[in-house]
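What follows is a single structure, written as structure tokens, with notes after it.
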Amino acid sequence: MEAHTKTDGQAEVINQHTGERWVYSDIVKDHFFHPRNLLLEGAKEGEFDAEGMVGSPACGDVMYMWIKVNRESDRITDLKWKTFGCGSAIASTSMFSMMVTENGGMKIDDALKIRPQDVMVRLGGLPNRKIHCSVLADKAFRKAVNEYFRATAQYERVIIEGAKIIDQRLNITDKDIEEAVLEGAQTIEEVQQKLKVGVGDPDALPEIEQLIRFYKEKYYG
Amino acid sequence: MRTVYLDHAATTPTDPRVVAAMQPYFGEEFGNPSALYALGRRSKDAIDLARGGVAAVLGCGSDEITFTSGGTESDNLAIQGVARAYESKGKHLVTTNIEHHAVQNTVKALEKQGWSATYVRADGDGLIDPRDIAAALTPETTLVSVMYANNEIGTVLPTREIAKAVRDWKKEKNRGLLDPPFLHTDACQAVGYCEVDVRKLGVDLLTANGSKIYGPKGVGILYHRRGIRIEPVIFGGGQESRLRSGTENTAAIVGLAKALEIAAAEREAESSRLTPLRDKLTAGIMGRIPKVVINGHLVKRLPNNVNVSILDIEGEAALLYLDARGISAATGSACDSASLDPSHVILALGRPYEYAHASVRFTLGRSTTEEDIDYVLDVLPEIVAKLRSISPVNLQFDGRGDQTIRKAFVDLGRPHWESNRSESRTASGRIP
């Protein structure tokens, strides 16, 4: 990639492999260069109610998130984060943290409804292939909330994300397909390439196709 | 704000002397070189002159030079062209695991069409052992494609020795100079800094282009030893001795020849000027920033290439922060690739994925001054400190990383799904 500054000060980024280009909005840049709600020091004992972690540096992204919840109002009063991620990951997490905590904090149930697209709208847009980078905040938040539910014995509220096996032979789940679509796969062939598998269970193909359409709609639609 | 362009391996600005040489062919000298009248003949003469100039620099005959639309097309013509022309002799190719995508994906495309390929692995320094190339040859091998200098980590491969290894193998098998396998090298990055006399190098085919040597973009050359058969990839009016149809891009061809002539004349002086600047930048980064790993051999590398993995930070984020301070650089991070896969070259060094995500490449060039280097060394530490304060990752410096990483990787820092990839082991038996 080549990044250079245009005269109007907007960072224009050109991917050298695809020639795809985009301009980061001023809001994205603001959040990228001045991230909100960063946890700069280690979390102190009792400072937060719960913590969530997703990703791995090997995949190019790691997200840690800490939340503090007002038990009475069920509102999130504080949310801090740290990430090993690209510009879009940093900007979208910063925006997510702001959305959750602004105006006295969102109710947990409302915060759980924030979709990556909602964050993107507030950011003034991100390129399609960067959506992948922005879903981490979402996932880390869900993990932290689950930890909070468990810690406060609200077991009925724990969100269970069961993966369903789609391809029996290769043990591919709907989660695998979701990940592959988020990484930019658009067709069955590309999904197979991402998952490093060949054609498995032919009976599963229609369902895989349907899931690809579903996730494409969900994240890029 | 100060602007410092340190991405010369991506492309170079066109030299004003090159632009001046090209100028007439955008104006009054617009003729089609295939036309019979004077206007067309003058264009043809200009191309002939350019071809002669290129041949002089490469130490070959004019008839051994074909102009193309760039490095990628030259690589395609060399690999597909030779593979198809010698299909009856065998369908095996040898290349390495650090090639440019133009070579790698061409070989992959041929693999889908019935050819087989062996990917010789680079060692931890990003170098290729000529013995490993020889060991990968089979009676069915028709083409070996090994780059001259790597575009990402700047390592200069032992091209002369590789050519000798291939030649020796052929001699042993009683094969002549014009029998396969042939050796192709992509020299796009090397032309500005290394010996490119094809007779001295001993290569059979060589790719170079304008974009990396202060020439115009969209023009390249393929040297091919006289007598080697090549099937064209592009069909049409039969220009370039039927090897590359399409009306010649006279201006670009003239520009490329001029750029190559300048590069050859200034090669030594420019290399001597850039080497200390490169070393100053490397030493400065290592001295000022903890937890930095240099990618690629320290000495056997281009005089303009610095490639480091700055652990715990993500390359694209670093690039955007550098850009905000006016510095243009590049990264091997996944966030920067079309496929969201991190650089195959950094991974080929046996480094874990997170090293690839953290890699930053600075490539110096004619405009680079010592003040530029000082400015980067001034700005980079604070950018790294800022991004590290955002990052929750704290890798162990031994490169093994923490528990989560150990679980995710099998041998040589490869992810579990790639553990049984078919790549040749080294001849010497050492783990690369």
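Proteins come first, then strands; the chains are lettered A, B, ... in the order of their sequence lines, and each starts at number 1.
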> Is chain A contacted by the side chain of B:Ile313, its backbone, both, or neither, given a heavy-atom distance below 4.5 Å?
Replying inline: backbone
> Considering only heavy atoms, which portion of B:Leu387 lies under 4.5 Å from any heavy atom of chain A: side chain, backbone, both, or neither?
Replying inline: side chain
> Around atom CD of A:Glu189, are there more than 12 heavy atoms of other residues, nucleotides or ligands at under 6.0 Å?
Replying inline: no
>> Check this for me: A:Tyr64, atom OH, are more than 12 non-hydrogen atoms of other residues, nucleotides or ligands nearer than 6.0 Å?
In response: no
Please give me the minimum heavy-atom distance between [X] and [Y], naming the atom from each residue.
X: B:Lys386; Y: A:Pro35; value: NZ-CD, 4.1 Å
X: B:His357; Y: A:Phe84; value: CB-CZ, 4.1 Å
X: B:Pro392; Y: A:Thr83; value: CD-C, 3.1 Å
X: B:Tyr321; Y: A:Phe32; value: OH-O, 2.7 Å
X: B:Glu316; Y: A:Cys86; value: OE1-CB, 3.1 Å
X: A:Phe33; Y: B:Leu320; value: CZ-O, 3.6 Å

> Do side-chain atoms of A:Lys82 reach the backbone of B:Ser389 as a donor and acceptor pair under 3.5 angstrom?
Replying inline: yes
> When rounded to the nearest 0.5 angstrom, what distance separates CD1 in B:Ile390 from OG1 in A:Thr93?
Replying inline: 10.0 Å
